Protein chains: 2
Amino acid sequence: MRIGELSRRSGVPIPTIKFYMREGLVSQGERTGPNQAQYDEDHLRRIKLVRALVEAGGLSIAAAREVLVLMDSQVTDLGVLGKAQYALTPRKEEPAEPDEAGRWAAGRVEELIDGRGWAVKPTNPARRTLADALAALHRLGQEDFAPILREYAEVAERLAAVEVEAILRRPDPAAMAEAVVVWTAVGDTVLGSLRRLAQEAESARRLGPAEG
Amino acid sequence: MRIGELSRRSGVPIPTIKFYMREGLVSQGERTGPNQAQYDEDHLRRIKLVRALVEAGGLSIAAAREVLVLMDSQVTDLGVLGKAQYALTPRKEEPAEPDEAGRWAAGRVEELIDGRGWAVKPTNPARRTLADALAALHRLGQEDFAPILREYAEVAERLAAVEVEAILRRPDPAAMAEAVVVWTAVGDTVLGSLRRLAQEAESARRLGPAEG
């Protein structure tokens with residue numbers, strides 16, 4: 001198909017498709033003339049995937065590229081699932097010297113993982129992301145977050161059981177990797193939106209509907 | 001205190017504090033000399049709050065500013081809680097004409113909200129964010145996400161009950177607004193990290209620990 005049809009069927013404007021190609025997220029089409037190229041169903045699927053990661057999942061172009069390179073390189077191996085998931089976790093460099101809140105939070109993360117009996121590698125970047133978030137709450141004295149954290153951990157465990165079950169039902173590692181990538185990125189957005197809707201509903205139930 | 005102490009106690013580098021002031025996220029200190037200013041505990045708390053929103057919550061400077069302006073303007077009124085939460089929801093402009101996936105997803109969101117009996121205003125931006133995410137999954141044929149979506153909705157309801165309960169225990173609307181803002185932004189990060197940790201643990205349980 002031509003780029004116009006690719007745009008129409010993916011819902012992505014032509015300049016954005018060209019941008020994705022320049023950024024290496026989508027491969028070039030097959031040249032059929034000086035100003036013309038042909039694209040196939042693989043291009044279409046890839047553009048939908050990029051759109052899902054960048055628009056619905058809120059990933060940066062750099063993060064999307066890192067994830068897609070992983071997916072392209074080693075989808076015959078189940079180890080790619082973990083690597084793809086790590087690439088989808090926001091990371092920060094370690095501070096030179098963690099402050100009191102940082103040390104406290106790192107300890108809480110270890111306790112939580114041990115307490116639930118989770119087998120999680122020391123290299124999983126979500127340890128650090130979680131510790132940073134807990135440190136921020138601690139610095140602001142939001143200490144009553146602790147019981148809510150326990151609820152979150154229980155809920156995460158319950159969701160992980162359903163999610164991993166669904167992923168493993170996929171026919172091959174490539175399909176599993178795509179589902180991991182899409183669900184991890186888009187799943188954050190889905191869960192965040194549902195939390196906001198449920199919070200408004202719960203507030204209305206407790207306080208009556210808000211005005212304005 | 002001087003800016004050096006403000007930096008030490010908040011863990012935020014001096015150039016970043018100056019950047020926050022230029023961007024209007026933190027008010028200027030009281031000038032005590034040509035190159036000197038004094039800051040108080042309110043400045044310190046505000047810098048910790050900005051750090052939590054921008055670093056741990058992943059908000060843009062513009063989104064953080066919008067939220068903080070709301071918090072500053074009307075913290076005597078409980079209506080600010082809903083407005084602050086709306087300001088913390090990623091939004092996009094409506095497309096000129098939604099495609100088939102977009103229309104399907106909008107219908108699913110209405111069904112879900114009605115099905116759970118949630119009282120949610122038509123203006124809640126999370127409706128649209130959720131619909132965009134579901135449309136992306138639909139375009140990629142990830143149809144088996146539907147049962148997982150039900151789990152997510154149940155879990156969101158359970159978390160909202162605990163969260164709203166904790167918020168309403170705060171002594172005054174200003175403290176409630178701060179908790180809403182911090183927990184909404186940082187809570188997304190906490191839940192996202194826990195999901196990733198739990199997914200790795202569940203995969204290890206099902207498949208044995210991954211190599212590498």
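These numbers come from a predicted model, not from an experiment. Chain A is the first sequence line, chain B the second, and so forth, proteins listed ahead of strands; every chain is numbered from 1.
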Chemist: Do Leu130(B) and Leu194(A) have side-chain heavy atoms sitting under 4.5 Å apart?
Modeler: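 Heavy-atom side-chain distance check passes, below 4.5 Å.
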
Chemist: Yes or no on side chain to side chain contact (heavy atoms under 4.5 Å, CB included) for Arg139(A) and Arg51(B), after CA distance, side-chain angles and deciding distance?
Modeler: CA-CA 10 Å; Arg139(A) 279 186 208 104; Arg51(B) 183 182 179 186; 3.3 Å; yes

Chemist: Go through the atoms of Arg45(A) and report whether side chain, backbone, both or neither lie under 4.5 Å from a heavy atom of chain B.
Modeler: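 For Arg45(A), the contact with chain B is made by backbone and side chain together.
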
Chemist: Shorter than 4.5 Å, heavy atoms on both sides: which option in Ala161(A), Gly192(A), Ala52(A) has the most such pairs with chain B?
Modeler: Ala161(A)

Chemist: Checking an interface table here. Which of residues 143-150 of chain B come within a heavy-atom distance under 4.5 Å of chain A?
Modeler: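 Expected list: Asp144(B), Phe145(B), Ile148(B), Leu149(B).
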
Chemist: What part of Leu191(A) gets closer than 4.5 Å to chain B, counting heavy atoms only: side chain, backbone, both or neither?
Modeler: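 Looking at Leu191(A), backbone and side chain both touch chain B.
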
Chemist: How about Leu112(B) and Leu197(A): do any of their side-chain heavy atoms sit closer than 4.5 Å?
Modeler: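 A side-chain contact under 4.5 Å is absent here.
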
Chemist: Which atoms of Leu53(A) are under 4.5 Å from chain B, going by heavy atoms: the side chain, the backbone, both sets, or neither?
Modeler: neither

Chemist: Among Glu157(B), Arg158(B), Arg169(B), which residue has the highest count of heavy-atom pairs closer than 4.5 Å to chain A?
Modeler: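 Option with the top pair count is Arg158(B).
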
Chemist: Where on Arg170(A) is there a heavy atom nearer than 4.5 Å to chain B: the side chain, the backbone, both, or neither?
Modeler: side chain

Chemist: Measure the shortest side-chain to side-chain distance between Leu168(A) and Leu207(B) over non-hydrogen atoms and say whether it is less than 4.5 angstrom.
Modeler: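 Result yes, sub-4.5 Å side-chain heavy-atom pair found.
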
Chemist: Report which part of Arg127(A) has an atom under 4.5 Å of a heavy atom belonging to chain B: side chain, backbone, both, or neither.
Modeler: both

Chemist: For the candidates Gly187(A), Ala136(A), Gly57(A), which exhibits the highest count of non-hydrogen atom pairs separated by less than 4.5 Å from chain B?
Modeler: Gly187(A)

Chemist: Picking from Val186(B), Val155(B), Leu137(B), which has the most non-hydrogen pairs under 4.5 angstrom with chain A?
Modeler: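 If we count pairs closer than 4.5 Å to chain A, Val155(B) comes out on top.
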
Chemist: Got Val162(B) and Tyr152(A) here, is their nearest side-chain heavy-atom distance under 4.5 Å?
Modeler: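 No; the side chains remain at least 4.5 Å from each other.
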
Chemist: First locate atom CD of Glu154(A), then atom CG of Leu159(B), and finally report the distance between them rounded to the nearest 0.5 Å.
Modeler: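 Here the rounded value is 10.0 Å.
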
Chemist: Among Glu178(A), Arg116(A), Glu100(A), which has the most heavy-atom pairs under 4.5 Å with chain B?
Modeler: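 Most heavy-atom pairs within the cutoff with chain B belong to Glu178(A).
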
Chemist: Given Gln85(B), which partner from the list Arg195(A), Arg196(A), Gln199(A), Glu200(A) fulfils the side-chain hydrogen bond (donor to acceptor under 3.5 Å, both in side chains) test?
Modeler: Gln199(A)

Chemist: Count the heavy-atom pairs under 4.5 Å between each of Ala160(A), Pro125(A), Gly11(A) and chain B, then report the option with the highest count.
Modeler: Ala160(A)

Chemist: Is chain B contacted by the side chain of Leu49(A), its backbone, both, or neither, given a heavy-atom distance below 4.5 Å?
Modeler: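 For Leu49(A), backbone and side chain are both near chain B.
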
Chemist: If you count the non-hydrogen atoms of other residues, nucleotides and ligands that lie under 6.0 Å from CZ in Arg206(B), is the total more than 12?
Modeler: yes

Chemist: Ignoring hydrogens, what is the shortest heavy-atom contact between Ala156(B) and Ala198(A)? Give both atom names and the distance.
Modeler: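 What the structure gives for the nearest pair is O-CB, 3.6 Å.
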
Chemist: Considering only heavy atoms, which portion of Ile113(B) lies under 4.5 Å from any heavy atom of chain A: side chain, backbone, both, or neither?
Modeler: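 Just the side chain, heavy atoms under 4.5 Å.
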
Chemist: What part of Glu165(B) gets within 4.5 angstrom of chain A, counting heavy atoms only: side chain, backbone, both, or neither?
Modeler: both

Chemist: Identify which of Thr89(B), Thr189(B), Leu134(B), Val182(B) forms the greatest number of heavy-atom pairs closer than 4.5 Å to chain A.
Modeler: Thr89(B)

